[in-house]
**Q** 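Mind having a look at this structure? Questions to follow.
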Amino acid sequence: MSSSTTIRAFGSLLVRFSNGVSLKPSNTLSHKSYLSRKLSSLAGHSASGKWVSFEYGVPGRKISTFTPLCMGRRSCKIAGRKTAQDAKKTKLYARFGKEVVSAVKKGGPSPVSNTALAALFEKAKELDIPRDIIDRNIKRASEKDQEAYIEKFYEVYGYGGAGMVVQVLTDKVNRSVARVREVVRDYGGKMADSGSMMFKFKRARVLNIKSKDADKDQLLAIALDSGADDVIEPSSDEDDAEEDSESYYKIVSSMENYTAILTRLKEEGITFETDNGFELVPLTPVEVDDEAMDLNKEMMAKLLELDDVDAVYTDQK
């Protein structure tokens with residue numbers, strides 16, 4: 001072999017190495033084709049329930065997904081709970097911001113002269129809401145096109161005889177009711193007349209305590225001494241049994257006894273999470289089958305994705 005031929009062959013090898021290609025062209029092409037076919041067959045639902053797609057590129061040979069894959073069942077559960085906690089906090093901040101806007105619209109931006117706004121400052125401390133949320137929404141209330149928010153409750157027939165109440169705080173009532181109706185229709189529910197479901201619930205204050213932070217007897221003693229209405233134990237769902245740190249006791253209280261229970265929990269050094277002012281608690285929970293429960297949960301999750309919706313309550317167990 002001549003020296004020039006040798007140099008050309010060596011240069012070709014360098015080019016092939018720089019492009020990340022195998023020294024066996026035929027095998028590389030067949031492998032790429034096979035991998036592409038395999039990847040296309042893998043397109044489907046990820047562990048989080050969302051569609052994923054894959055890309056294959058020769059340089060670096062990367063496989064990318066549009067949604068993160070959970071590495072095992074435990075990882076998926078933790079990721080799902082983290083997402084739920086973040087969504088809950090986002091909803092809390094959004095609702096609180098709307099309450100600030102409404103208070104400022106009615107009584108002005110000064111908490112000295114506006115008692116409703118002053119009460120929201122105290123509520124922010126209780127719920128651990130950042131001060132900038134208040135300041136930002138006080139400023140937003142002064143914008144010319146910003147309307148006051150109105151609270152609405154929409155009642156829904158779910159699956160298996162369960163009922164739902166959708167809590168909305170909106171500056172556009174027609175928009176909110178149209179979007180709620182659309183989700184309910186698309187997910188197989190039915191809008192109910194006013195009063196059809198609300199009588200099944202009572203308005204109460206609710207404190208959430210992680211099961212790892214206190215035992216049942218301790219909470220029952222505190223509830224009894226402080227005048228609480230009920231202590232609801234964590235769900236016995238098998239899927240949730242693994243994560244004791246993520247299961248909660250709920251202490252249900254009237255508005256009058258709420259402060260006394262807060263004080264007792266603080267004295268006992270028990271960490272708790274407050275509600276956003278109140279919750280609707282079912283008077284008589286309804287037991288439904290697994291299929292109805294899953295369908296109701298799916299509908300509730302979709303309703304909570306709506307910006308105007310602050311909470312969805314159900315009487316299903």
**Q** Does the Asp289 side chain pair with the main chain of Glu291, one donor and one acceptor, at a distance under 3.5 Å?
**A**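 Present.
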**Q** Should we say atom CG of Asp128 is surrounded by more than 12 heavy atoms from elsewhere, each under 6.0 Å from it?
**A**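 Not more than 12 within 6.0 Å, no.
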**Q** Within the distance-only criterion (no hydrogens, no angle test), does the side chain of Ser196 pair as donor or acceptor with the backbone N or O of Asp193 below 3.5 angstrom?
**A** yes
**Q** Return the minimal non-hydrogen interatomic distance between Leu117 and Pro111, and the atom names on each side.
**A**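 Between these two residues, the closest heavy atoms are CD2-N, 3.9 Å.
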**Q** Taking the side chain as every heavy atom from C-beta outward, state whether Leu280 and Phe153 have any pair of such atoms under 4.5 Å apart.
**A**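 Counting from C-beta outward, Leu280 and Phe153 do come under 4.5 Å.
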**Q** Indicate yes or no: does Asp135 engage Arg131 in a salt bridge with an N to O separation below 4.0 Å.
**A** yes
**Q** Over all heavy atoms of both residues, which pair between Asp315 and Phe201 is shortest? Give the atoms and the distance, please.
**A** N-CZ, 3.7 Å
**Q** Considering only heavy atoms from C-beta outward, does the side chain of Val312 approach that of Val165 to under 4.5 Å?
**A** no
**Q** Given side chains that start at C-beta, do those of Glu268 and Ile222 come closer than 4.5 Å, heavy atoms only?
**A** yes
**Q** Roughly how far, to the nearest 0.5 Å, is CD1 of Ile251 from CG of Leu262?
**A** 9.5 Å
**Q** Between Ala162 and Val288, which heavy-atom pair has the shortest distance, and what is it?
**A**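 Reported closest heavy-atom pair: CB-CG1, 4.2 Å.
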**Q** Taking all non-hydrogen atoms of both residues, which atom of Ile261 and which atom of Ser226 are closest, and how far apart?
**A**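 Smallest heavy-atom distance, with atoms named: CG1-CB, 3.5 Å.
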**Q** Any side-chain heavy atom of Tyr248 sitting closer than 4.5 Å to one from Ser211?
**A** no
**Q** Will you find, in the side chains of Ser194 and Tyr154, an N or O donor that is under 3.5 Å from an N or O acceptor?
**A** no
**Q** Backbone N or O of Leu304 within a donor-acceptor pair of the Lys91 side chain at under 3.5 Å?
**A**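 Yes, Lys91 side chain to Leu304 backbone: donor-acceptor pair under 3.5 Å.
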**Q** With a sphere of 6.0 Å drawn around CG of Asp230, does it hold more than 12 non-hydrogen atoms of other residues, nucleotides or ligands?
**A** yes
**Q** Compare all side-chain heavy atoms of Lys317 with those of Val286 and state whether any distance is below 4.5 angstrom.
**A**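 Heavy-atom side-chain distance check fails, nothing below 4.5 Å.
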**Q** To the closest 0.5 Å, what do you measure between CZ (Phe272) and OG1 (Thr274)?
**A**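 Atom-to-atom, Phe272:CZ and Thr274:OG1 are 7.0 Å apart.
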**Q** Take Val156 and Met191 through the side-chain contact (heavy atoms from CB on, under 4.5 Å) test and state the conclusion after the steps.
**A** CA-CA 5 Å; Val156 177; Met191 297 294 290; 4.1 Å; yes
**Q** Grab the two heavy atoms, one from Ser113 and one from Gly107, that are nearest each other, plus how far apart they are.
**A**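 So the minimum-distance heavy-atom pair works out to OG-O, 4.5 Å.
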**Q** Measuring only between side-chain heavy atoms, which start at C-beta, is Arg203 closer than 4.5 Å to Glu279?
**A**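 Result no, sub-4.5 Å side-chain heavy-atom pair not found.
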**Q** Do any N or O atoms from the side chain of Asp171 and from the backbone of Ala148 form a donor-acceptor pair under 3.5 angstrom?
**A** no
**Q** Any donor and acceptor pair, going by atom type alone, linking the side chain of Lys98 with main-chain N or O of Thr170 inside 3.5 Å?
**A** no
**Q** For the atom pair OG1 (Thr263) and OH (Tyr258), what is the distance rounded to the nearest 0.5 Å?
**A** 10.5 Å
**Q** Ignoring hydrogens and angles, tell me if any N or O in the side chain of Lys105 forms a donor-acceptor pair with the backbone of Gln146 under 3.5 Å.
**A** yes
**Q** Starting from the C-alpha separation in whole Å, work towards a yes-or-no answer on side-chain contact (heavy atoms from CB on, under 4.5 Å) for Gln316 and Tyr159.
**A** CA-CA 9 Å; Gln316 80 172 12; Tyr159 292 91; over 6 Å; no
**Q** Hydrogens and angles aside, do Gln167 and Tyr313 bring a side-chain donor and acceptor to less than 3.5 Å of each other?
**A**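 The answer is yes; a qualifying pair exists.
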**Q** Does Glu273 reach the main-chain N or O of Asn208 with its side chain, forming a donor-acceptor pair under 3.5 Å?
**A** no
**Q** Report the residues that fulfil side chain to side chain contact (heavy atoms under 4.5 Å, CB included) with Ala221, sequence neighbours left out, ordered by chain and then residue number.
**A**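 Side chain to side chain contact (heavy atoms under 4.5 Å, CB included) check on Ala221 returns nothing, list empty.
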**Q** Given 3.5 Å as the limit, does a donor-acceptor pair link the side chain of Asp213 with the main chain of Ile209, or not?
**A**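 Judged by distance alone, no pair lies under 3.5 Å.
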**Q** Between Ser253 and Asp229, which heavy-atom pair has the shortest distance, and what is it?
**A**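 Here Ser253 and Asp229 meet closest at C-OD2, 3.7 Å.
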**Q** Strictly below 4.0 Å, N to O, side chains only: are Glu298 and Lys302 in salt-bridge contact?
**A**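 Salt bridge flag = no for Lys302 with Glu298.
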**Q** Inspect the contact between Glu182 and Arg175 and indicate whether a charged nitrogen and a carboxylate oxygen are less than 4.0 angstrom apart.
**A** no
**Q** Please report the C-alpha distance between Glu233 and Lys216 in whole Å, then the side-chain angles of each, then the deciding distance to 0.1 Å, and finally whether the side-chain contact (heavy atoms from CB on, under 4.5 Å) criterion is met.
**A** CA-CA 8 Å; Glu233 295 184 42; Lys216 179 181 176 181; 2.7 Å; yes
**Q** Does CG belonging to Asp132 count more than 12 external heavy atoms closer than 6.0 Å?
**A**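 More than 12 heavy atoms, drawn from other residues, nucleotides or ligands, come within 6.0 Å of this atom.
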**Q** Is it the case that over 12 heavy atoms from other parts of the model lie below 6.0 angstrom from the NZ atom of Lys152?
**A**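 Atom NZ in Lys152 is not packed in, count stays at 12 or less.
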**Q** Output yes when a side-chain donor or acceptor of Glu155 lies under 3.5 Å from a complementary backbone atom of Met198, and no otherwise.
**A**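 Confirmed, Glu155 side chain pairs with Met198 backbone.
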**Q** Taking C-beta and beyond as the side chain, do Met197 and Tyr157 meet within less than 4.5 Å on heavy atoms?
**A**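 A side-chain contact under 4.5 Å exists here.
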**Q** Once rounded to the nearest 0.5 Å, what's the spacing between atom CD of Glu99 and atom CD1 of Ile133?
**A** 12.5 Å
**Q** Is a side-chain donor or acceptor of Asp308 paired with a backbone partner of Val168 at a separation under 3.5 angstrom?
**A**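 Not at all, since once roles are kept as given, no pair shorter than 3.5 Å links the two residues.
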**Q** Starting at CZ of Arg179, measure out to CD of Glu305 and round the result to the nearest 0.5 Å.
**A**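 Here the rounded value is 13.0 Å.
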**Q** Does Glu122 come within less than 4.0 Å of Lys125, counting only side-chain N to carboxylate O?
**A** yes
**Q** I'd like to check Asn296 versus Thr314 (side-chain heavy atoms, cut-off strictly below 4.5 Å). Are they in contact?
**A**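 The answer is no; the side chains never approach within 4.5 Å.
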**Q** Check step by step if side-chain contact (heavy atoms from CB on, under 4.5 Å) holds for Val252 and Lys202.
**A** CA-CA 10 Å; Val252 181; Lys202 67 176 180 180; 4.3 Å; yes
**Q** Tell me if the CZ atom of Arg140 is crowded by more than 12 foreign heavy atoms within 6.0 Å.
**A** yes
**Q** How long is the gap from CG on Leu220 to CG on Asp225, to the nearest 0.5 Å?
**A** 11.0 Å
